[in-house]
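Just so you know, these numbers come straight off a predicted model, no measurement behind them.
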Amino acid sequence: MTDALIHIKGLTKSYSSKAVGKVLAVQNVDLELNKGDFIALKGPSGCGKTTLLLAAGALLSPDAGEVLIKGRNPYKLSQPERSAFRAENLGFVFQSFHLVPYLTVMENVMLCELAGSGKDIKTCVTELLEKFGLTKRLKHLPSELSVGEQQRVALARAICSGASIILADEPTGNLDTENGKRVLEYLADFAKNGGAVLMVTHDHNAGDYAFRHVDMVDGKIIQQ
Amino acid sequence: MKITGIALKEIAHRKVNFLLSCLSVAVAASVFILANGLLESTSLQTEEIIAQKEIETRNHMASLEDDMRKHMKGLGFNIYIFPEGQDMSEVYDKGFASKTMPEEYVTKLANSSIVMINHLLPTLTQKVTWPEQQRTVILIGIRGEVPMAHRNPMKPLVDPVEQGFIALGYELHNALKLKVGDKIMLLEKEFTVKMCHDERGSKDDITIWMNLTECQELLDKKGRINAILALECNCATIDRLAEIRKELSAILPGTKIIEKGSQALARAEARMSAKQTAAKQIAILKSQRDALRAKRESLAAMLVPFIGIMSLAGICLLTFINTKDRISEVGLFLAIGIKSGAILALFLVRSFIVGLGGGILGVLSSAFIIRVAGGTYFNNYTVQQLMSVELSLVIIIAMPVFACLASWIPSFWASRQDPAEILRND
């Protein structure tokens, strides 16, 4: 048994497409994400970063190898159990924010309630949105926010679920430098406060905030 | 956060899709209600026509019945009772008897327990010369009906002629240019014309009817009559004359009895035939109504499922478009741990609201259409007559279920999506 929050061992994942046939997206990858870690997963487009992130997030079943999150293999759980497991342990941040367009800022962050954690998160949400400078935007729709504000809402949603792990896919990809910096600072804070962050990024500046760097090329980790 | 709250917010956000979905449901609901309304209006109208026809037929038959009663006086199962010893060849030759019998005979007959005769008319008939006018006439004295003692009173078939009055046949009043109210002398006695009969083409045209007592006085035959006309005889068998003779011989032995006119049977048959024709007409009308209804029902049986399937397909397609629009949202929901069941519920709650809205819209629009186009397509029936509250409630309750069924497949498909696939492609 390992103490790592996420332990990936020998992970291999391939895709089949009619155009190019079988594509090996990730090959025999080992990776550990520990408490307090903030890993920046870098590499060129198509090198398998997002596939690795999704597999680490209990969203993409590997062809071979094993993913253990807090010592449990989520792919051995049933679909509803895996959903509950994800809701309890993982928070996601995406490049395109994935905010629900017809829900207000407050409602978007409160969405994780629907996942059924059963915890009262209203206080946490209010505090976090205050910390992220969104107090005056609580009743605004995503379309009424700047992109920086939208990403902060997405980040608040990921953190408020009570998850100890945040998986972020290009979280600063659509942000200007200033907003990108703020988001990275929040992620670093999260890691320092006992959480763990695995972030896929192309942004060289983003690497400056991460505590560890992992480079991938052609589905393989070439440097940790 | 509640599923219903999210569904309502989504509806407010995607109004066009929601409205189109509601319209699909409303069309299905309206087609069902209006098809039912059309059938109902046809049915109601035919019922009304048949009811009207039945009333008309009943009234017509009642009137025919009354006419028949009167016609039967002259034609029916009627008999003449002539005095004992009367030479019947003389009766057949002259049309009346030369012999007379006591007027009491009729009283005797009326007070007897005879059951086959309904009306009794004593008469005194004689061919006389009308000296004042130099012409031969048939004089008939009548006193009206003699009530049957053992029966309930019946409506009289012949009204008596009052003393001092006469009724004239066509040939007489026409030739003498007499009219009702005119005074005229007959056998040295003045009479007032009470009635002028239409032409009958028989000896009635040269007949004068007067009060029996006056007639007896004029002919010097006080207390005598030469015939009793017995009307509307009730006979159980074909040999009705023999039946009546048997019964009468016990009361008035020796009297001669003949049946007056065999046309009665034909009349009765005609009456029966008229009755049967009317019944046939109603049956034909009913059968036409049933055929029309069956035709409309078979049309509705094809049209309603067809429109239902089209609406089902429309809702299914619109829900599929909605799920495709929201696929990124679905990916997020699944990624953050919202269960497939909750996502399915989210779409089905939306469909339920669509069904409810569409059902209400369908009921309201159907009521509006019936109100506006009632005169043209619904035979002027009202919304209340064609759309029951029960039917409206059933539609409003059934449509959400219908919409949920229609959207089940795309909703289920959405809830079973692979979040990784969605997020990776996003």
Portion of A:Arg82 that has a non-hydrogen atom of chain B nearer than 4.5 angstrom
neither
Qualifying salt bridge (Lys or Arg N to Asp or Glu O under 4.0 Å) pairs, either residue in residues 387-403 of chain B, two or more places apart:
none
Please look at B:Ala335 and chain A and tell me whether the side chain, the backbone, both or neither of the residue comes under 4.5 angstrom of a heavy atom of that chain.
both
With chain A as the partner, which of B:Ile3, B:Ile6, B:Leu332, B:Ile336 has the greatest number of non-hydrogen pairs under 4.5 Å?
B:Leu332
Distance flag, aromatic centroids of B:Trp413 and B:Phe320, threshold under 6.0 Å:
yes
Would you say B:Asn380 and B:Gln45 are linked by a side-chain donor-acceptor pair, where the criterion is simply a distance under 3.5 Å?
no
Using non-hydrogen atoms only, which part of A:Leu90 is less than 4.5 Å away from chain B: side chain, backbone, both, or neither?
neither
Do the numbers put B:Arg326 on top of the ring of B:Phe347, so that NZ or CZ is under 6.0 Å from the six-membered ring centre and no more than 45° off the axis?
yes
Turns out that what part of B:Glu329 lies under 4.5 Å from chain A's heavy atoms comes down to side chain
Pairs flagged by salt bridge (Lys or Arg N to Asp or Glu O under 4.0 Å) wherever residues 31-47 of chain B is involved - sequence neighbours left out:
B:Glu47-B:Arg289
